[in-house]
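Have a look at the structure below before the remarks.
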2 protein chains.
Amino acid sequence: MKGSRVPATIRDVARESGVHISTVSRTFSAPHLVNPETRSRVLACAEHLGYRPNRAARALITGRTHNIGLIVADIANPFFPPLIKAAESQARQRDYHIFVTDTNEDASVEEGLVRALAKQVDGVLLCSPRMSNSLIEQLSREVPLVVVNRQLTGLPTVVMDVAQGARLAIDHLSRLGHRQIALVAGPRGSWTSREIRRSALSAARANDADLAVIGPNQPTEDGGMAVAEQIVRAGVSAVLAYNDLMAIGLIEGLSTLGLSVPEDISVVGIDDIALSRLTRPKLTTVATPTAAAGRAAVDMLLAHGDDRRTTAQITLQTELVIRDSTGPGPGPHSHADPGGVVATAPGEVASYAKE
Amino acid sequence: MKGSRVPATIRDVARESGVHISTVSRTFSAPHLVNPETRSRVLACAEHLGYRPNRAARALITGRTHNIGLIVADIANPFFPPLIKAAESQARQRDYHIFVTDTNEDASVEEGLVRALAKQVDGVLLCSPRMSNSLIEQLSREVPLVVVNRQLTGLPTVVMDVAQGARLAIDHLSRLGHRQIALVAGPRGSWTSREIRRSALSAARANDADLAVIGPNQPTEDGGMAVAEQIVRAGVSAVLAYNDLMAIGLIEGLSTLGLSVPEDISVVGIDDIALSRLTRPKLTTVATPTAAAGRAAVDMLLAHGDDRRTTAQITLQTELVIRDSTGPGPGPHSHADPGGVVATAPGEVASYAKE
DNA sequence: TCGCGGAGTGCAAACGTTTGCAGGAAACTA
DNA sequence: TAGTTTCCTGCAAACGTTTGCACTCCGCGA
């Protein structure tokens, strides 16, 4: 019944349906082992008593908590909620629950969080880790891990093909006539940021364009706004930002400096968060399949729970979404006046920190 | 040791430190009962073996899982992440963990989620519920509940003083000379939306202004964008939106229709999400203390865990943040030309659904 | 008729803790 | 010195499940 103060146990159900508790247990965890007739009687009694198996007791004996830990860099970054949502619903379908935890973009708290989670979950989804590869590998020996947004041999991973995305973005800008391009890098420790950088540099070379790398930076609006001045001094006509949030912040920062997008400078973001369709100008960006990543990560963790040592690596495709924040540059196929652009000042360009 | 394949149990620690398991147990759960010398020896062994108490076993006997459920309407709504973050960190400080779950703004899934969570958490934080009061009360008999963003007698609640916020917003608009104002309501079932409506209506009356209520609506950018046309037809010179997301969507929608903010129409949002400082124009809005709400909710749940029947009600203050999306209206203290404003068309104005 | 196998069920031992109770030693009181 | 208290520790019974094993039936083939 609904309002029963003390929850019914397996014993109550057994008594009421006249069978042994083990039969009740099997009715739920191995239905094929019990006589259909008995089973339906047990189910009726269970329903009637409002019985729900006690997960703690079950966890104690099976060793599986049916919980999954999900660690993200910053839950307030709109990149993550769709991923979390997808993971959550995928997990719920398989009778799992998800603990979401947030590291505040601080690499040093990641390790502690994984360890704290380790004992009370069946596995951890590590999204956009900032810690070192070796530490991740070490932690993976203490708890099953699926790493999202980082390529790592020997561990199950799911990554977005941001290299492809960055290439598409640079190609797009080149085609528009931009030859002096800046890359606003992401946070230190981000694999994604390294990938973007690597791919953007090679794409720029292929297109005969100069690419100035600026960063590392905080991957937030404020982080984007903060580099506006550097961008102007770098004298570029186009920018690829580590993510949409930074791109949006940058556009705002540029406007404060009296520059408008895309007339004076073109800006491309990455992620295609919902917001990028709503800013003015609407953001040209690289769409990443975040929800798919969330689902895939859960699936990998749960599949991999049985046999172990199956370390699949999934790469999800990205695509360029052209909106209003990119326009013709000063290069060929466009009039030659670079506008407010001054000479490139390589001294201003911070080198990207390795690892 | 780090890499031990099978996790150490209380028994291992007991053996290694030469005491009974009950002493080890007490070392962790009631340190004051054990001799300091013994305690430190036990702690050393525990540390050395990498021992961590098994939460399932503990939960089994104490009946407390040390987990808290947190149900929000939509994790992708930037209003919630700061609340979640604050709740999460507050909970972690007290050695609790939080399950975040998302209802997709669908009132009908809320009940199921609470029930599913009920057996595996010590309590549920119900944020911005869309279900009926009576259902909430019924559920509160099955699991300790703290309700956020809804006033409800007999249950512990934490709400923001949005009534005050709405009043401030309407006063602000009136002072700017606006006499024809629209309120873009939130989703059906939202207590907050009802409060805003009630308070805005009374504030408008006090200021001799007309308030047209439009809604209910989806509390998203799209929801805001969708009402742009209605707003124009309503012929108002100012709008108060249920939240910042809608306000931003609305501004975008108005711009599509050729109207600009605040020149043609003033817009005020509610929540002061991070984003509202970054849109153009920067959004005038009512700041709500979301992080404080998250912390308070956790505290109430945990305090209330001991004695029960302590049903405190907390109201957090709000304040008006004036930025760039509001400007002078056609009323007194301003030039008389109403601009593109046409006559109010009451027929266009949907009445706000009760409950 | 006997033996065999399979289906369904019961039995009881786990799983890793917490906690009321009791006992022993040391410290204090009279 | 004896009695009393305090402090610490051990003992063992829970908590609600799962699961390997054994048992009973029953039907079937030889």
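Atoms considered below: every heavy atom in the structure, side chains included; atoms not considered: hydrogens, waters and symmetry mates. The sequence lines fix the lettering, A, B, ..., with proteins before strands; numbering per chain opens at 1.
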At 4.0 Å (heavy atoms only), tell me whether [X] reaches a base, stays on the sugar-phosphate, or touches nothing.
X: B:Arg55; answer: nothing
X: B:Thr62; answer: sugar-phosphate
X: A:Thr9; answer: sugar-phosphate
X: B:Ser25; answer: base

Contact residues, residues 13-20 of chain A to DNA chain C [heavy atom, < 4.0 Å]:
A:Val19, A:His20

Nucleic acid contacts of residues 26-35 of chain B, taken as heavy-atom distances under 4.0 Å to DNA chain C
B:Arg26

Could you give the side-chain donor-acceptor pairs of residues 29-37 of chain B under 3.5 Å, partners two or more places apart or in another chain?
{"unit_1": "B:Ser29", "atom_1": "OG", "unit_2": "B:Ser25", "atom_2": "O", "d": "2.9"}
{"unit_1": "B:Asn35", "atom_1": "OD1", "unit_2": "B:Glu37", "atom_2": "N", "d": "2.8"}

Can you tell me if [X] uses its side chain to pair, donor with acceptor, with the backbone of [Y] under 3.5 Å?
X: A:Ser190; Y: A:Gly186; answer: no
X: A:Glu111; Y: A:Ala107; answer: no
X: B:Asp12; Y: B:Thr9; answer: yes
X: B:Glu110; Y: B:Met131; answer: yes

Pairs satisfying ring-ring contact (aromatic ring centres under 6.0 Å, His included), at least one member in [range], at least two apart:
range: residues 89-124 of chain B; result: A:His97-B:Phe99, A:Phe99-B:His97, A:Phe99-B:Phe99, B:His66-B:Tyr96
range: residues 113-135 of chain B; result: none
range: residues 119-151 of chain A; result: none

Residue whose closest nucleotide on DNA chain D lies nearer the 5' end, A:Ile61 versus B:Thr23
B:Thr23

At a heavy-atom distance below 4.0 Å, which nucleotide of DNA chain C is the first touched by chain B, and which is the last?
C:dG16 to C:dG20

With sequence neighbours left out, what residues match B:His20 under ring-ring contact (aromatic ring centres under 6.0 Å, His included)?
none

Side-chain atoms of residues 78-85 of chain B: list all donor-acceptor pairs with protein atoms under 3.5 Å, sequence neighbours left out, distances to 0.1 Å.
{"unit_1": "B:Lys85", "atom_1": "NZ", "unit_2": "A:Asp74", "atom_2": "OD1", "d": "2.5"}
{"unit_1": "B:Lys85", "atom_1": "NZ", "unit_2": "A:Asn104", "atom_2": "OD1", "d": "3.4"}

Residues at least two apart in sequence or cross-chain that pass side-chain hydrogen bond (donor to acceptor under 3.5 Å, both in side chains) with B:Thr288, listed by chain then number, are none

Those residues at least two apart in sequence (or on a different chain) that pass side-chain hydrogen bond (donor to acceptor under 3.5 Å, both in side chains) with A:Arg92 are A:Glu88

Any side-chain donor-acceptor pair under 3.5 Å between A:Asn67 and A:Arg55?
no

Angle, rounded to 10°, between the helical axes spanning five pairs at each terminus of the helix from C:dT1-D:dA30 to C:dA30-D:dT1?
40°

